[in-house]
Amino acid sequence: MEIENNLPKTFSPEGIEDKWYQRWMDAQSFKPKKGKQNQTFTMIMPPPNVTGKLHMGHALNATTMDTLTRYKRMKGFETLWIPGTDHAGISTQSVVEKLVWKQEKKNRHDLGREEFVKRIWAWKEEYGSEIVSQQKKMGVSCDWDYSTFTLDEIPNKAVKKFFVDLFNEGLIYQSDRLVNWDPALQSAISDAEVEHKEVKGFFYYLKYKVKEEPGMELIIATTRPETIFADTAVAVNPNDERFKDLIGKTAIIPICNREVPIIGDEHVDIEKGTGCLKVTPGHDFNDFEIGKRNDLPIINILNLDGTYNKNAPEIEGLKTKDARKKVEEILLELGELIEKKDHVHPVGHGERSDEIIEPMVSKQWFVNTTAMSETAVKAVENGEMTFFPKGWENTYFSWLRNPKDWCISRQLWWGHQIPVYYCRECDAKWAAEETPEECVECKSENLFQDPDVLDTWFSSGLWPLSTLGWPDEKAMKEKGFDRFYPNTVLVTGYDIIFFWVARMMMMGMKVTEKAPFEHVYIHAIVRDKQGRKMSKSLGNGIDPLDMIKQYGTDAMRFTLAAGSGYNRDLNLDPERIEGYRNFVNKLWNAFRFIHPYLDKAKDELPVKSEWHLHDKWILAELNTVAKKMNESLDLYRYDDACSEIYQYVYDKFCSWYIELSKNILNGSNEKEKIIRATMLKFCFKKIVNLLHPITPFITEEIWGYLENEKSLLIAQEYVEFDHTLENSEVQEMMNKFIDITTGIRNIRSSVNLKPKDEIDVKIFTDDKRLAKFVYESRHFLKDLANVKSGTIRSKNAEKPKKSASLVTTHCEIFIPLEGLIDINDQVNRIKKDMEKTQADYKKVEAKLSNMNFMANAPEEVRTEVIEKAKLFQDKLSSLNEILESFQ
RNA sequence: GGGCGUUUAGCUCAGCUGGGAGAGCGCUACCCUUACAAGGUAGAUGUCGGGGGUUCAAUCCCCUCAACGCCCACCA
């Protein structure tokens, strides 16, 4: 019988992806709706930089979040996923600055602040949404009406309010302190933005004269000889016998011949270097502390661009690298450099610029985070917020339990300008949410605003609040702040636990006294197949958009989801995407198979008494999968969820149920056909339902066929466990039936039978339920293993001699092929099986003869082992019997 | 220097509260069988990093060593 099928043989994702995304948008499918759970599910999307391009990290983040969102939505939560973009101060400013330079040969100072910021906005309007359209290609089902940009009015209000409140509380203050100065950006950056890298350098051993002890020379080891111009002391450990007598005397710095005191400070490590330390409070964090303790003056020898200033006349105008060479030359000439040794040491680099960070004293704004950190730590300790996987809380704790004040001011133009105002007439300085008209003290109108902007993370830290309208009451009401805050879960990578998660916890709890999320799921970082970080310089990046083009979004998403559990790295090999593309195609072809029978299918399942054994089986298996998928997704085990449905589709539905259906669908019993068509359709609806959160496009496409586009799959209820479908007995029997079928195929293969060769099979078993099951399934063996005829008997019946055969733990299978088989081959097969079974048997037998095992092992384990022993014994005696038949 | 993590089949990884080692990809042989060659059927492959301990029983718990990776930390 020819079956018409007008569906394409391979599934092509192009076209259908955009189609369905648009349908979902048109149907407002991404908007929160009240559902059967009577609970909200809220999540914010980590806002990508407006300058960003979609990379694998985004793709993974989008996949895990969208899977979760679709799952929760289908489960009946009022689901809100909030998208947005980040202004990303530094990177956006430098992108536009470069562009302006390229086009007009002007830098930002040539344009002036107002004009330059205008250019950035213009750039943002034109190019800032590229990342958004790329996210849509991934299928993200977020509510775009909530989309927020970190420089929008509400986040700006949030930033101002938070700043002003903390300022008035005294938690935000301005101070002249040593900060991490990035000479490339010409801005301060926070501790968290400094990356320490191992750098090859030298230890320089310098001679310092002691004024009071002519002829005496102190040897000081340093990695930064160029900073001697900023030295204001020499320090030794007060307990160091070698030097303690020098404390209070005076050292003379080489080259500049300045006199500085020799001081004692516990910080000095007697073992390290020479035990003598040059103290440079203006350019070293430890020295700054020593300086504070000992009241030392601070000398700044650097300009903002990283060149040395007039306080270091010999190296004025040079940058550190050249300055160091120059100083080395001068010291050599003077004979003050005794030795230069190779030395590898960590050096701070700017996270964005990758420039060497110069510690420099500068007036900056800081947040005192002591109290906020403590609150944030407690929230995790007492379970108000939980990390998945739990281990990440250690990373979180380690940072928050050692809080340092956060430097929040940046000398940039793109960002939230600090809402602090100064009066030119008097010395007044105050913070205000609204731009003031006059001085709070003297009423003068001659005011100016602090020119600095805030660290980007200051506004990102308020993201869970500001995306829901805070602090604007009208907006909060419109956006449902009370319902949607706190968020249910935050999904992000471990690289921004400090930057972002910790800050949101601190800031969110400061404002609302509630943790901004219940769960934080930390997903892996995507690496290449060899486990290396994807980077431009290595050229090992995999572009998600290329992959989508090549294999489709669904395949890409399934791959990422299948690789996401509680692991910290995801090593991605494009071959895996290809493999899952094949799976998507398999699903499509399974659908192609049932498609012609859909019009026979009824909407409701038939009464249970009409279910075939195989129907009971496939529904019981489906039910098991539904249970496991729900459990897995609740725990963010996307890997388990993927493997469950993958195995069901491949190894249960396609390999067996479809094969077992052919006999019926091609048969003549119309009633049976209708029932089977109904079953196939029912199962398929459940399969695409279960898969939809992971692979939304193909499932929605198939759903369209199954339901004649009367409804959207995205809005269906997710399949859950249904105890009425449970049937462990039929599952057990079916597994044995599968064993038998595979056994027959195995025998066929062992005697090189062609697929077209029909056979006669004799099965011997003492398991009556199995005998019944096999008997009822006997007609299917024709389709499954080309069995023409056969018998099922008990084991004590007479068996064929010199046959091809195979023994399982529950039955013996014979294919009588007198004269056609190679006796030696068969004997060897049996012998090999015997060896293996004997080994298995010995293992369990050893346990049974172990008195300690019998005395200590729990009852159920003992029973299990005893049963196994019996099975192996039976199998052995069957094998023995067969072997004898060949004698 | 402190902390965390990893080490299981050729590759990428799962293995939950200890009780006969798993998946995907790859590989081998045979098959263009009317859903699918982006496929089917059958098959091979592991001293579960080394050593020690607890236990009747250890891939799983404890100790120790080794290799690799990550994070934090003051550029003497």
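No hydrogens, no waters, no symmetry mates; every other heavy atom, side chains included, goes into these values.
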I want to verify a distance call: between B:C56, B:G40, B:C4, whose nearest atom is closest to the A:Y650 side chain?
B:G40
What does A:R637 touch in the nucleic acid at a heavy-atom separation under 4.0 angstrom: a base, only the sugar-phosphate, or nothing?
sugar-phosphate
With sugar-phosphate meaning primed atoms plus P, OP1 and OP2, does A:N567 contact a base, only sugar-phosphate, or nothing at under 4.0 Å between heavy atoms?
sugar-phosphate
Are any of the side-chain nitrogens in A:R862 or A:E859 under 4.0 Å away from the carboxylate oxygens of its partner?
yes
On a heavy-atom basis, the closest approach of A:R637 and A:D639 is NH2-OD2, 2.8 Å
Could you please name the option among B:G43, B:A38, B:C71 that lies closest to any side-chain atom of A:F498?
B:C71
Select base, sugar-phosphate, or nothing to describe what A:F558 touches, counting heavy atoms under 4.0 Å on all strands.
nothing
Could you give the OH-to-C1' distance, from A:Y494 to B:C70, as a whole number of Å?
6 Å
So what does A:P858 touch, heavy atoms closer than 4.0 Å: a base, only the sugar-phosphate, or nothing?
base
Contact class for A:V199 (heavy atom, under 4.0 Å): base, sugar-phosphate, or nothing?
nothing
Any A:K404 side-chain N or O less than 4.0 Å from OP1/OP2 of B:C74:
yes
Please tell me whether A:F11 and A:W588 form a close aromatic pair, meaning their ring centres lie under 6.0 Å apart.
yes
Touch check for A:A221, heavy atoms < 4.0 angstrom, all strands: base, sugar-phosphate only, or nothing?
sugar-phosphate
Using the side-chain heavy atoms of A:E659, tell me which of these nucleotides is nearest: B:A42, B:A35, B:C56.
B:A35
Given B:G19, B:G15, B:C75, identify the nucleotide with an atom nearest to the side chain of A:I356.
B:C75
Quick one: sort the A:Y204 and A:F202 rings into parallel, tilted or perpendicular, breaks at 30° and 60°.
perpendicular
Judged by nearest nucleotide, the residue sitting upstream toward the 5' end of RNA chain B, A:P755 or A:D569, is A:D569
Quick check for you: among B:A42, B:U12, B:A23, whose closest atom lies nearest to any side-chain atom of A:Q647?
B:A23
Which part of the nucleic acid, if any, lies within contact of A:T222, taking any heavy atom under 4.0 Å across all strands shown: a base, the sugar-phosphate backbone alone, or nothing?
sugar-phosphate
Would you say a side-chain N or O of A:K9 is under 4.0 Å from OP1 or OP2 of B:G39?
no
Nearest-neighbour nucleotide for the A:R568 side chain, B:G69, B:U12, B:A14 considered:
B:G69
With A:F387 as reference, evaluate A:Y396, A:Y566, A:W392, A:Y494 under the ring pair (Phe, Tyr, Trp, His ring centres under 6.0 Å) test and give the passing residue.
A:Y396
Does B:G69 have a Watson-Crick or wobble mate here (both distances under 3.5 Å), and if so which one?
B:C4
Quick one: label A:R224 by what it contacts on the DNA or RNA (base, sugar-phosphate, nothing), any heavy atom closer than 4.0 Å.
base
Under 4.0 angstrom, heavy atoms only, what part of the nucleic acid is A:I357 near: base, sugar-phosphate, or nothing?
base
Classify the nucleic acid contact of A:K628 as base, sugar-phosphate or nothing, counting any heavy atom under 4.0 Å across all strands shown.
nothing
Taking only the side-chain heavy atoms of A:K662 (C-beta and beyond), determine which of B:G40, B:A35, B:A14 contains the nearest atom.
B:A35
Without swapping roles, check the side chain of A:D757 against the backbone of A:K754 for a donor-acceptor pair under 3.5 Å.
yes
Would you mind classifying the nucleic acid contact of A:D573 as base, sugar-phosphate or nothing, using non-hydrogen atoms under 4.0 angstrom?
nothing
Can you tell me how the ring of A:Y705 sits relative to the ring of A:H595, calling it parallel under 30°, perpendicular over 60° and tilted otherwise?
perpendicular
Look at all strands and tell whether A:H267 reaches a base, only sugar-phosphate, or nothing, counting heavy atoms closer than 4.0 Å.
base
Out of B:A35, B:C72, B:C25, whichever nucleotide has its closest atom nearest the side chain of A:Y646
B:C25
A:N582 side chain: which of B:A42, B:G39, B:C75 is closest?
B:G39
N/O (side chain, A:T742) to phosphate O (OP1/OP2, B:A42) under 4.0 Å:
yes
Picking from B:C56, B:A35, B:G24, the nucleotide nearest the side-chain atoms of A:Y580 would be B:G24
